[in-house]
Amino acid sequence: QVQLVESGGGSVEAGGSLRLSCVVSGYFYFHSRYCMAWFRQPPGQSREGVASIDSDGTTRYADSAKGRFTISKDNAKNTLYLQMNTLKPDDTAMYYCALRGLFGCEPLATATPADYHYWGQGTQVTVSS
């Protein structure tokens, strides 16, 4: 059974930083192509892609994340990260990690949650002004 478990969310003031982690277990095809991504869902809004990383290390970012967020992965630990700096109140959302097996990443502008096969339970990020 594939499981994705996020951690690292919390409450910070604007301008602060957080590092989200997502540990993947039960997935045995990391030797093939895959895509991992961070999505977020603000209250009352739909889920949107924030950043993605392909199996070859190619990264993509939503315009709102460029220059402030960094996505990375530790293959040895099966762990995905999202370093978030200079946080803004608009970044307040539930953050989810997602895994798309056997395919690479689509551009974030056109990626949809339906493209991803596995999801974590989410971790809440709250940024106060």
Side-chain angles (χ1 to χ4, degrees):
Q1 181 180 357
V2 179
Q3 287 191 313
L4 282 67
V5 180
E6 303 100 331
S7 62
S11 296
V12 297
E13 293 185 350
S17 298
L18 285 172
R19 189 194 195 202
L20 306 183
S21 299
C22 172
V23 179
V24 182
S25 61
Y27 185 76
F28 303 107
Y29 302 100
F30 282 118
H31 57 280
S32 300
R33 195 168 187 191
Y34 63 89
C35 173
M36 292 204 70
W38 288 97
F39 282 74
R40 68 185 181 187
Q41 188 165 14
Q45 299 183 40
S46 57
R47 201 167 293 191
E48 61 182 11
V50 175
S52 67
I53 186 165
D54 218 313
S55 47
D56 66 0
T58 300
T59 58
R60 296 176 176 87
Y61 296 92
D63 287 344
S64 60
K66 287 178 182 176
R68 299 188 301 126
F69 294 3
T70 302
I71 189 171
S72 62
K73 58 187 176 76
D74 185 329
N75 294 331
K77 297 181 179 179
N78 286 353
T79 301
L80 179 73
Y81 301 101
L82 185 68
Q83 177 67 45
M84 304 187 295
N85 299 327
T86 319
L87 282 161
K88 306 174 181 179
D90 284 350
D91 296 318
T92 295
M94 184 72 79
Y95 283 71
Y96 299 89
C97 69
L99 170 62
R100 184 185 193 206
L102 304 180
F103 295 93
C105 297
E106 296 290 335
L108 278 172
T110 55
T112 67
D115 293 333
Y116 291 79
H117 304 118
Y118 305 102
W119 290 85
Q121 82 289 349
T123 185
Q124 178 67 39
V125 172
T126 302
V127 185
S128 58
S129 57

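Taking a cutoff of 4.0 Å between a charged side-chain nitrogen and a carboxylate oxygen, D56 and R33 do not qualify as a salt bridge. A salt bridge links K66 with D63: the distance from a Lys NZ or Arg NE/NH1/NH2 to an Asp or Glu carboxylate oxygen falls below 4.0 Å.
Annotation: the span from L20 atom CG to Q83 atom CD amounts to 8.5 Å, rounded to 0.5 Å. Separating the CD atom in Q41 from the CD atom in Q124 is a distance of 10.5 Å, to the nearest 0.5 Å. To the nearest 0.5 Å, atoms CG (N78) and CD (Q3) are separated by 13.0 Å. Between the CG atom in D115 and the SG atom in C105 there is a gap of 10.0 Å [rounded to 0.5 Å]. Atom-to-atom distance recorded for Y34:OH and H117:NE2 is 15.0 Å, nearest 0.5 angstrom. To the nearest 0.5 Å, atom OH of residue Y118 and atom CE of residue M36 are 11.5 Å apart.
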(message) Could you go through F69 and L87, starting from their C-alpha distance and side-chain angles, then the distance that decides it, and tell me whether this counts as side-chain contact (heavy atoms from CB on, under 4.5 Å)?
(response) CA-CA 9 Å; F69 294 3; L87 282 161; 4.0 Å; yes
(request) List the steps and the verdict of side-chain contact (heavy atoms from CB on, under 4.5 Å) for V24 and L80. (result) CA-CA 8 Å; V24 182; L80 179 73; 5.8 Å; no
(message) Let's go through E106 and T112 carefully: what are the C-alpha distance in whole Å and the side-chain angles of both, what is the deciding distance for side-chain contact (heavy atoms from CB on, under 4.5 Å) to 0.1 Å, and is it a yes or a no?
(response) CA-CA 9 Å; E106 296 290 335; T112 67; over 6 Å; no
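Minimum heavy-atom separation, A14 to S129: CB-CA, 4.3 Å. Heavy-atom minimum distance, G49 versus A62: O-CB, 3.5 Å. For A37 against F39, the heavy-atom pair with the smallest separation is CB-CE1, 3.9 Å. When all heavy atoms are compared, the tightest approach of D91 to R68 is OD2-NH1, 2.7 Å. Here the closest non-hydrogen pair linking Y116 and C35 is OH-SG, 3.4 Å. The minimum heavy-atom distance linking N85 with S17 is given by the pair OD1-OG, 3.0 Å.
When only modelled atom types and interatomic distance are considered, R40 and Y95 share a side-chain donor-acceptor pair under 3.5 Å.
The residue from L4, T79, D74 that alone fulfils the side chain to side chain contact (heavy atoms under 4.5 Å, CB included) condition with V23 is T79.
A 6.0 Å sphere centred on OH of Y61 holds more than 12 heavy atoms belonging to other residues, nucleotides or ligands.
The backbone N or O of C97 lies less than 3.5 Å from a partner atom in the side chain of E6, making a donor-acceptor pair.
A perpendicular orientation is assigned to the rings of W119 and Y96, their planes being inclined by more than 60° (bins at 30° and 60°).
Using a 4.5 Å cut-off on side-chain heavy atoms (C-beta onward), D54 and R60 make contact.
Linking Ile, Leu, Val, Met, Phe, Trp and Tyr whenever their side-chain heavy atoms come within less than 4.5 Å leaves I53 and V5 in two separate clusters. In the hydrophobic cluster analysis, where Ile, Leu, Val, Met, Phe, Trp and Tyr join through side-chain heavy atoms closer than 4.5 angstrom, M84 is grouped apart from Y81.
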